[in-house]
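Because only heavy atoms are used, hydrogens play no part in the values below, and waters and symmetry mates are left out as well, while side chains stay in. When a ligand or atom number is given, it counts from 1 through the structure's own listing order. Along the sequence shown, residues carry numbers from 1.
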Amino acid sequence: MTDLLPPKIDLLTQPLHLMNGGVIRNRLAKAATSETLATYANNPTPNLVRLYQRWASTGIGLIITGNVMIDRRALGEPGNVVIEDEIDLPVLQQWARAATDQGAAIFVQLNHPGKQSTKGLNASNLAPSAVPFSQEMSTLFETPREATDAEIRDIIRRFGRSAGICKKAGFSGVQIHGAHGYLINQFLSPHHNRRTDEWGGTAEKRRRFLLAVYTEIRKEVGPDFPIAVKLNSADFQRGGFTEEESLATVQALVNAGIDLVEISGGTYETGVAKPQKASTLAREAYFIEFAEKVRALVKVPLMVTGGFRSAAGMNAALRSGAVDVVGIARLMVIDPDVPARLLRGLDSKQCGATIWMRDARQAA
Ligand SMILES: Cc1cc2nc3c(=O)[nH]c(=O)nc-3n(C[C@H](O)[C@H](O)[C@H](O)COP(=O)(O)O)c2cc1C
């Protein structure tokens with residue numbers, strides 16, 4: 001990486017103070033990685049506690065859990081954790097403490113898959129509108145039914161309830177999953193959301209669901225509990241959620257009081273978190289150009305995830321001023337102890353170039 005300046009480890013190790021309370025001890029975060037380690041009935045397990053103890057012991061600042069579902073009737077994958085009541089509070093408390101006892105912040109990523117759930121997993125899948133998947137996806141994913149207004153309002157309440165339980169269990173915050181083609185992203189997308197009621201029809205109405213979820217969560221958790229969001233820079237789909245609408249959505253969330261915005265991109269149909277250009281791949285951070293546009297608009301802390309692999313790349317992104325938190329997912333899976341090295345300015349010993357070579361071929 002000849003275009004990157006030498007690493008300045010002081011940037012990656014700087015603490016971050018969030019607006020509604022909470023301090024993240026440094027700028028390195030594990031992005032959400034769905035571990036599917038729950039029981040068959042979707043209860044959290046001691047295996048999750050052990051895994052998060054290991055990740056937190058590396059000195060990492062923030063850990064975002066794999067996506068946790070807010071409704072047992074709407075799973076994204078078998079083995080998802082579901083939080084819809086307090087039945088699992090003791091294990092949830094252990095899961096939270098696995099990180100917080102070691103000084104790491106831990107946010108639960110709350111999600112509803114909408115139509116993005118494979119055939120047969122749920123009794124039926126709902127979405128803003130009954131739009132079929134592309135032909136190659138339709139063997140695995142069925143056309144959803146259109147959600148009723150009452151169902152939409154129930155889902156909003158469920159997000160709030162789950163977040164309230166996360167707070168009670170001792171987690172440091174929650175992250176709303178608004179990216180990667182799941183339900184909230186489906187509402188944001190003009191392609192997936194063809195509604196003409198108050199939940200669709202204009203960009204403002206399409207983002208009303210996300211803002212209602214945020215407001216409901218804030219009502220449940222109070223003013224001093226961090227709420228983050230993961231949002232697509234764009235869906236990269238004809239007629240999908242665009243950069244322009246994403247910028248307007250970030251602005252609306254900032255006006256509402258969001259603490260942290262994580263930027264990603266893509267959906268199951270277009271590919272999740274893929275680099276769009278070879279030039280972004282060279283800068284490691286796939287979505288940094290969009291982060292620069294967000295930074296020009298708002299001051300909210302920005303987490304950028306996708307493509308980071310070296311300490312130099314991470315520090316260069318932080319030095320650009322557009323990124324406040326560096327998110328890593330595949331690196332944490334390949335090399336669970338990598339934060340300890342990155343925070344000292346060293347790269348992973350484990351990680352070969354394989355996955356990023358594949359990305360380079362896709363972006364070329
Ligand atoms: C095994 C695995 C599971 C993932 N699960 C989730 C998830 O539950 N929620 C989410 O927002 N992103 C999920 N992602 C996407 C990552 O958070 C991240 O956006 C993406 O992998 C790009 O970052 P990376 O280049 O550091 O891997 C997952 C990625 C991997 C590899």
Quiz prompt | cation_pi(Lys115, Phe133) dist<6.0 Å, angle<=45 | solution = yes
Quiz item: Between Arg295 and Glu292, is there a salt bridge with N-O shorter than 4.0 Å?
Solution: no
Practice problem: Give yes if a backbone or side-chain nitrogen or oxygen of Tyr286 is under 3.5 Å from a nitrogen or oxygen of ligand 1, and no if not. | Solution: no
Self-check item: Given Val68, Leu92, Val81, Ile63, the one that forms side chain to side chain contact (heavy atoms under 4.5 Å, CB included) with Val108
Solution: Val68
Practice problem: Answer with yes or no whether Ile328 contacts ligand 1, where contact means a heavy atom under 4.0 Å from a ligand atom. | Solution: yes
Self-check item: Distance filter under 4.0 Å to Ser34 heavy atoms, resulting ligand 1 atoms
Solution: 3 (C), 4 (C), 5 (N), 6 (C), 7 (C), 8 (O)
Quiz item: In terms of atom number and element, which parts of ligand 1 are under 4.0 angstrom from non-hydrogen atoms of Asn67?
Solution: 8 (O)
Practice problem: Give a yes or no on this: more than 12 heavy atoms of other residues, nucleotides or ligands lie within 6.0 Å of atom CD1 of Ile87. | Solution: no
Practice problem: May I ask whether Val333 has any heavy atom positioned less than 4.0 angstrom from an atom of ligand 1? | Solution: no
Quiz prompt | Distance filter under 4.0 Å to Gly307 heavy atoms, resulting ligand 1 atoms | solution = 24 (P), 25 (O)
Quiz item: Which ligand 1 atoms, with their elements, are less than 4.0 angstrom from a heavy-atom of Ala31?
Solution: 17 (O)
Practice problem: Please list all pairs passing the salt bridge (charged side-chain N to carboxylate O under 4.0 Å, His left out) test where one or both residues lie in residues 51-60, with sequence neighbours left out. | Solution: Arg54-Asp337
Quiz item: Would you call Arg218 and Asp259 a salt bridge, taking side-chain N to carboxylate O under 4.0 Å as the test?
Solution: yes
Quiz item: Based purely on interatomic distance, does His177 place a nitrogen or oxygen under 3.5 Å from a nitrogen or oxygen of ligand 1?
Solution: yes
Practice problem: Report yes if Phe308 has an N/O atom closer than 3.5 Å to an N/O atom of ligand 1; otherwise report no. | Solution: no
Quiz item: Do the ring planes of Trp199 and Phe209 sit parallel (below 30°), tilted (30 to 60°) or perpendicular (above 60°)?
Solution: perpendicular
Practice problem: Using a strict 4.0 Å cut-off to heavy atoms of Thr305, name the atoms of ligand 1 that fall inside it. | Solution: 18 (C), 19 (O), 23 (O)
Quiz prompt | salt_bridge(Arg50, Glu35) N-O dist < 4.0 Å | solution = no
Self-check item: Per-atom contacts of ligand 1 with Arg330, taking only distances under 4.0 Å to non-hydrogen atoms
Solution: 24 (P), 25 (O), 26 (O), 27 (O), 31 (C)
